[in-house]
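Before any comments, here is the structure.
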Amino acid sequence: MERDLNKNESNDISEQDTIPLPFVDSFRDIIRHYQLTWVTIAHVSDVPTATVWRIHHGLPVRKISAMRVRIAVTKLTGRPFIGPINVY
């Protein structure tokens with residue numbers, strides 16, 4: 001009987017909350033798309049600008065710095081960044 005009641009419910013999902021999909025693009029693509037600067041990302045992530053520069057150029061950074069930059073990109077764009085960052 002309960003099953004019959006569910007048949008009458010609408011399957012419209014347009015009113016449901018959504019979550020943003022994570023980025024799998026490269027770090028360079030994210031910077032270009034959102035017109036971010038190394039300085040802005042460095043300021044929000046509390047890492048040296050040279051660290052952001054290193055990520056931009058594919059060079060390894062400390063794990064903690066990579067994590068901070070990922071969090072900053074999420075704050076700045078509203079979407080999680082899960083793309084590659086080389087770490088040591």
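Reckoned from all heavy atoms, side chains included, excluding hydrogens, waters and symmetry mates.
Atom CG of Leu76 is separated from atom OH of Tyr34 by 10.5 Å, given to the nearest 0.5 angstrom.
Checked options Leu36, Val47, Ile55; the residue passing with Ile41 is Leu36 (criterion: side-chain contact (heavy atoms from CB on, under 4.5 Å)).
Qualifying side chain to side chain donor-acceptor pair (under 3.5 Å) partners for Thr37, counting only residues two or more places apart in sequence or in other chains: Thr40. For His43, there are no ring-ring contact (aromatic ring centres under 6.0 Å, His included) partners at least two apart in sequence or on another chain. Residues passing the side-chain contact (heavy atoms from CB on, under 4.5 Å) test with Pro60 are Arg54, Asn86, Tyr88, sequence neighbours excluded. Checked against salt bridge (Lys or Arg N to Asp or Glu O under 4.0 Å), Asp29 has the following partners two or more places apart in sequence or in another chain: Arg32.
As a member of the Ile/Leu/Val/Met/Phe/Trp/Tyr network built from side-chain separations under 4.5 Å, Val39 groups with nothing else and remains a singleton.
Sorted by first then second residue, the salt bridge (Lys or Arg N to Asp or Glu O under 4.0 Å) pairs that include residues 55-67, not counting sequence neighbours, number zero.
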Would you give me the side-chain donor-acceptor pairs under 3.5 Å for residues 65-75, sequence neighbours excluded?
from: Arg70; atom 1: NH1; to: Phe81; atom 2: O; distance (Å): 3.0
from: Arg70; atom 1: NH1; to: Gly83; atom 2: O; distance (Å): 2.8
from: Arg70; atom 1: NH2; to: Gly83; atom 2: O; distance (Å): 2.9
from: Thr74; atom 1: OG1; to: Arg70; atom 2: O; distance (Å): 3.0

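A distance-only check finds no donor-acceptor pair linking the side chain of His56 to the backbone of Val52 [under 3.5 Å].
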